[in-house]
Amino acid sequence: MTTKPLLLITIAALTIFSSSCKTYYMPVGTFLEQVPTLETVNLRPVTAQDPLGHKHTYSIYPIDSIKCFDKDGTPYKLKNGPSIEIRFTDINGKRSTFYFDRTWVIQDSVIGVQSKILSLKKAIPVSTIKTIEVQDGRKKYKYINQ
């Protein structure tokens, strides 16, 4: 009788582990090379569709793939898209997660959208960023005009 709950827990854990998103890492300098300040780059307009079918038009950096590294330090190019998430950890250990395509650098701050539905924005001083993680959140957002 005790093996049945243990088996179910094991199956559930394996399912969650196997379907989890792979996390990549990016040094702050690499991030700033790819996402320069808004004052120095021409953004490109896109239309994205959310999981409910609503369409949103906004401007993004002209980045097709994101240069990052896996946990072993091997370079990796992650295809850019509306479901890519970027997580910043500051020097105090506080984490902020944004959508990569809705993240901008303005002067000495990173400004990002934390929720595409609510358009919640937050700013982080570049000087306080300790680590940057990038992953495909596997949310069903997609560009429809590419």
Side-chain angles (χ1 to χ4, degrees), residues 6 8-146:
L6 182 59
L8 291 173
I9 291 171
T10 303
I11 291 171
L14 287 173
T15 301
I16 291 169
F17 179 74
S18 66
S19 67
S20 65
C21 304
K22 184 164 183 171
T23 301
Y24 298 96
Y25 304 90
M26 184 184 308
V28 175
T30 302
F31 170 75
L32 293 173
E33 287 171 6
Q34 295 179 82
V35 183
T37 63
L38 278 181
E39 296 85 7
T40 63
V41 70
N42 291 323
L43 300 177
R44 99 177 156 205
V46 295
T47 300
Q49 185 172 338
D50 68 24
L52 301 174
H54 300 109
K55 296 176 184 171
H56 310 273
T57 299
Y58 51 92
S59 295
I60 65 169
Y61 284 98
I63 299 170
D64 294 323
S65 60
I66 303 161
K67 298 174 206 163
C68 48
F69 300 88
D70 67 12
K71 66 180 179 180
D72 299 321
T74 304
Y76 185 82
K77 285 192 175 185
L78 181 64
K79 183 172 174 19
N80 194 8
S83 65
I84 301 296
E85 298 171 350
I86 186 164
R87 183 171 39 251
F88 298 93
T89 303
D90 70 15
I91 54 178
N92 296 317
K94 186 174 180 184
R95 292 179 159 193
S96 300
T97 303
F98 304 138
Y99 285 95
F100 186 84
D101 70 345
R102 302 300 313 265
T103 302
W104 308 275
V105 177
I106 300 176
Q107 295 174 358
D108 61 349
S109 294
V110 174
I111 298 172
V113 172
Q114 295 179 296
S115 168
K116 289 192 179 197
I117 296 169
L118 301 175
S119 294
L120 299 174
K121 290 182 184 175
K122 182 177 180 180
I124 304 167
V126 171
S127 62
T128 66
I129 297 172
K130 181 179 168 186
T131 59
I132 302 173
E133 300 166 292
V134 183
Q135 70 182 30
D136 185 346
R138 302 210 188 270
K139 296 180 178 134
K140 297 186 188 267
Y141 290 100
K142 63 182 179 181
Y143 294 132
I144 57 173
N145 67 338
Q146 297 235 34

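The chain is numbered in sequence order, starting from 1. Quick caveat, the model's predicted, so the values are computed rather than measured.
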Rounded to the nearest 0.5 Å, what separation is found between the [atom1] atom of [X] and the [atom2] atom of [Y]?
| X | Y | atom1 | atom2 | value |
| --- | --- | --- | --- | --- |
| Ile111 | Lys121 | CD1 | NZ | 8.0 Å |
| Ile60 | Asn80 | CD1 | CG | 6.0 Å |
| Ile66 | Thr30 | CD1 | OG1 | 12.5 Å |
| Lys94 | Thr89 | NZ | OG1 | 12.0 Å |
| Asp70 | Lys22 | CG | NZ | 5.0 Å |
| Arg87 | Thr131 | CZ | OG1 | 8.5 Å |

Could you pull out the closest heavy-atom pair between [X] and [Y], with the gap in Å?
| X | Y | answer |
| --- | --- | --- |
| Gln114 | Thr97 | CG-O, 3.4 Å |
| Tyr143 | Ala48 | CD2-CB, 4.1 Å |
| Lys71 | Tyr25 | CA-CE1, 3.9 Å |
| Val126 | Val28 | CG1-CG1, 4.2 Å |
| Pro82 | Tyr58 | CB-OH, 4.0 Å |
| Ser59 | Trp104 | O-NE1, 4.1 Å |

Next item on the list: Check side-chain contact (heavy atoms from CB on, under 4.5 Å) between Val41 and all other residues, then give those that pass, not counting sequence neighbours.
Entry: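 Expected list: Pro36, Leu43, Tyr61, Pro62.
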Item checked: Pair Arg95 + Glu133, salt bridge at N-O below 4.0 Å -> yes
For [X], what residues pass the side chain to side chain donor-acceptor pair (under 3.5 Å) criterion, not counting sequence neighbours?
| X | result |
| --- | --- |
| Thr103 | none |
| Lys122 | Ser96 |
| Thr23 | Gln135 |
| Asp90 | none |

Check: What do the steps show when you test Asp101 against Ile84 for side-chain contact (heavy atoms from CB on, under 4.5 Å), and what is the final call?
Finding: CA-CA 7 Å; Asp101 70 345; Ile84 301 296; over 6 Å; no
Next item on the list: Write out all pairs satisfying ring-ring contact (aromatic ring centres under 6.0 Å, His included) with one or both partners inside residues 73-96, taking only residues at least two apart or from two chains.
Entry: Tyr24-Tyr76, Phe31-Phe88, Phe88-Phe98
Margin query: side-chain contact (heavy atoms from CB on, under 4.5 Å) for Leu78 and Phe100? Distances and angles first, verdict last.
Written below: CA-CA 11 Å; Leu78 181 64; Phe100 186 84; over 6 Å; no
Note to self: Looking at Thr74, is its backbone amide N or carbonyl O close enough to the side chain of Asp72 to form a donor-acceptor pair, meaning the two atoms are under 3.5 Å apart?
What the structure shows: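 No, Asp72 side chain to Thr74 backbone: no donor-acceptor pair under 3.5 Å.
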Check: Could you walk me through whether Gln34 and Met26 pass the side-chain contact (heavy atoms from CB on, under 4.5 Å) check?
Finding: CA-CA 10 Å; Gln34 295 179 82; Met26 184 184 308; 3.7 Å; yes
